[in-house]
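None of the values given here were measured: they were computed from a predicted structure. Indexing begins at 1, ligand by ligand and atom by atom, following the structure's order. Any value given below was found using the heavy atoms of this structure, including those in side chains, with hydrogens, waters and symmetry copies removed. One-based numbering along the sequence shown.
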Amino acid sequence: MRLRRSLLYVPGNMPGMLQNIPVFEADVVMIDLEDAVPLQEKDAARLLARNFLRSYTDRNKEMFVRINGLDTPYALDDLREILPALPDGIRLPKADNPEVVEKLDTLLTEQEEQLGLEIGHFKIIPSIESAQGVLNSVATAVSSPRLVALAFGAEDFTASMEIDRTKTGEELFSARTQIVWAAKAAGLQVIDTIFPDVNDMEALRTETALIKRLGFTGKSLVNPRQIEIIHEVFRPSAKEIEHALEVMDAIKRAREMGTGVISLKGRMVDAPVVTRAARVLKTAIAFGMIDFELTDEVIHGEK
Ligand SMILES: CC(C)(COP(=O)(O)OP(=O)(O)OC[C@H]1O[C@@H](n2cnc3c(N)ncnc32)[C@H](O)[C@@H]1OP(=O)(O)O)[C@@H](O)C(=O)NCCC(=O)NCCSC(=O)C[C@@](O)(CC(=O)O)C(=O)O
Ligand SMILES: [Mg+2]
């Protein structure tokens, strides 16, 4: 399981910020060529991003680049400059429909052929940032085998909806759940939007706990000070791990008794409870928190 809990935007036109990328402990860094970069700096940002990626060969995190929208005059130049510097993938803004992802897929294939890379080398994370994008998210989620996740962009979403974005986020609830459902149905990870107040860590923690409960697997960020909070919230607690191990033990005993259901401290344990416990254990294993052999046989029992 590839961890993509924290995805940090770094503006492509800020050399001082780019040079610190190796020390950030985000799972993914997304160099931004889109909204963080003013029009007069698009060319400079592209070159800075390309040079940085070329120099950053000993990478300890995934590197994505957010290009400009495919309907802008900048996107093709972005791809032409950036792809030879081998980012891991492209964050596609304003992914309003599956066709725009298919178009990017074709452009990536052309570049892979020219660069002699395996087809499918470059991954895609589309950002759903409008009502149209939300309504089309089910089709967008299956629009290319390059997709590793769907992402939500609430700043543009609320702008396009002509509503305010609040800290409590009631206005985002339906869009978030729709995007999570689309991603889960397609077997993708799902990344929540940025939290814009970089000084309100408690509200960031509350929002992250909420989106984790909704099913999101990670969150986009605008500031390195936000990374640790995200990792803390996504890290399974000792209590959750202990409970998951107890569930595995209980279901093993149940199966030995020839049944698929058993009581654990008064609560029913059956197949879906085991599936949820397995997810906690998989995450704990990926975080390096436990050493546990989680085989299909442990989860599902002997065939
Ligand atoms: C927010 C703020 C201005 C706060 O500034 P502050 O000055 O208060 O920050 P401080 O913490 O004081 O900085 C302390 C030290 O960290 C350095 N440092 C800060 N941030 C850093 C960083 N990101 N990367 C590397 N270095 C960084 C800084 O240079 C300083 O270094 P030094 O001077 O050496 O000490 C700043 O963070 C920032 O510009 N962020 C990036 C903004 C950005 O990329 N926006 C576009 C993506 S969102 C979007 O487009 C919406 C979306 O599309 C999203 C979706 O898809 O979800 C949608 O629609 O929703
Ligand atoms: Mg946006």
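Of the protein's heavy atoms, none falls inside 4.0 Å of atom 7 (O) of ligand 1. In this structure, atom 33 (O) of ligand 1 has its sub-4.0 angstrom surroundings free of protein heavy atoms. Proximity of atom 41 (C) of ligand 1 to the protein is indicated by at least one non-hydrogen atom lying closer than 4.0 angstrom. Within the 4.0 Å cut-off (strictly below), no protein heavy atom is located near atom 17 (C) of ligand 1. Note that atom 46 (C) of ligand 1 has protein non-hydrogen atoms nearby, at separations under 4.0 angstrom. Under the 4.0 Å distance rule, the nearest protein heavy atom to atom 30 (C) of ligand 1 falls outside the cut-off. At a distance under 4.0 Å, no protein heavy atom can be found next to atom 2 (C) of ligand 1.
Compare P224, G153, G16, A36 by their heavy atoms: the one nearest to atom 43 (C) of ligand 1 is in A36. Evaluated by nearest non-hydrogen atom to atom 53 (O) of ligand 1, the leading choice among K219, E34, M14, R66 is R66.
Shortest contact from atom 58 (C) of ligand 1 to any protein heavy atom: E155 CB, 3.4 Å. Scanning the protein heavy atoms around atom 5 (O) of ligand 1, the nearest turns out to be N223 ND2, 4.4 Å. Of all protein heavy atoms, the one lying nearest to atom 57 (O) of ligand 1 is T193 OG1, 3.0 Å. Atom 55 (C) of ligand 1 has its closest protein heavy atom at Y9 OH, 3.4 Å. In terms of protein heavy atoms, atom 24 (N) of ligand 1 is closest to V10 CG2, 3.5 Å. Nearest to atom 39 (O) of ligand 1 among the protein's heavy atoms is M17 CE, 3.9 Å.
Panel note: side chain K219, backbone E207; no donor-acceptor pair is recorded below 3.5 Å. With hydrogens and angles ignored, the 3.5 Å screen pairs no side-chain donor or acceptor of K184 with any backbone N or O of I179.
Look at R165 and E171 and you find no salt bridge, because none of the NZ, NE, NH1 or NH2 atoms lies under 4.0 Å from a carboxylate O. With salt bridges taken as basic N to acidic carboxylate O contacts below 4.0 Å, one links R235 and E228.
By the 3.5 Å distance cut-off applied to N or O atoms, D156 is counted among the residues near ligand 1. At least one N or O atom of V222 sits closer than 3.5 Å to an N or O atom of ligand 1. Distances between N or O atoms of E129 and those of ligand 1 include at least one value under 3.5 Å.
Contact annotation: for D32 versus ligand 1, heavy atoms closer than 4.0 Å belong to the side chain alone. Looking at F24 against ligand 1, only its side chain comes within 4.0 Å, counting heavy atoms. Proximity of R225 to ligand 1, defined as any heavy-atom pair under 4.0 Å, is confined to the side chain (atoms from C-beta onward).
Around the Mg ion (ligand 2), protein N, O or S atoms at less than 2.8 Å comprise E129 OE1, D156 OD2.
Numbered from 1 in the order shown, with element, the atoms of ligand 1 that lie under 4.0 Å from a heavy atom of I194 read 54 (C), 57 (O). The distance from ligand 1 to the heavy atoms of P11 drops below 4.0 Å at these ligand atoms: 41 (C), 44 (O).
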> What do the steps show when you test K94 against D35 for salt bridge (Lys or Arg N to Asp or Glu O under 4.0 Å), and what is the final call?
Replying inline: CA-CA 11 Å; K94 323 273 183 329; D35 283 350; 3.4 Å; yes
> So R46 and D43, salt bridge (Lys or Arg N to Asp or Glu O under 4.0 Å) or not? Walk me through it.
Replying inline: CA-CA 5 Å; R46 208 178 281 131; D43 293 343; 2.8 Å; yes
>> Let's go through R91 and S127 carefully: what are the C-alpha distance in whole Å and the side-chain angles of both, what is the deciding distance for side-chain hydrogen bond (donor to acceptor under 3.5 Å, both in side chains) to 0.1 Å, and is it a yes or a no?
In response: CA-CA 7 Å; R91 174 92 174 228; S127 284; 2.8 Å; yes
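Residue-environment remark: CD (E256) exceeds the threshold of 12 foreign heavy atoms within 6.0 Å. With a 6.0 Å radius and a threshold of 12 heavy atoms from other residues, nucleotides or ligands, K282 has its NZ atom at or below the threshold. Heavy atoms of other residues, nucleotides or ligands lying less than 6.0 angstrom from CG of N60 number more than 12.
Not a single side-chain hydrogen bond (donor to acceptor under 3.5 Å, both in side chains) links T193 to another residue, sequence neighbours left out. Here R80 pairs with L76, D77, Q111 under the side chain to side chain contact (heavy atoms under 4.5 Å, CB included) rule; sequence neighbours left out.
Taking Ile, Leu, Val, Met, Phe, Trp and Tyr as members and joining any whose side-chain heavy atoms lie under 4.5 Å apart, directly or through other members, the hydrophobic cluster of V261 also contains M268.
When only modelled atom types and interatomic distance are considered, N97 and N136 share no side-chain donor-acceptor pair under 3.5 Å.
Summarising the geometry of R59 relative to P87, their closest heavy-atom pair is NH1-CA, 4.0 Å, with the distance given to 0.1 Å.
The salt bridge (Lys or Arg N to Asp or Glu O under 4.0 Å) test with D27 singles out one residue from R4, R5, R2, and that residue is R5.
The side-chain heavy atoms of D200 and K167, taken from C-beta on, include a pair separated by under 4.5 Å.
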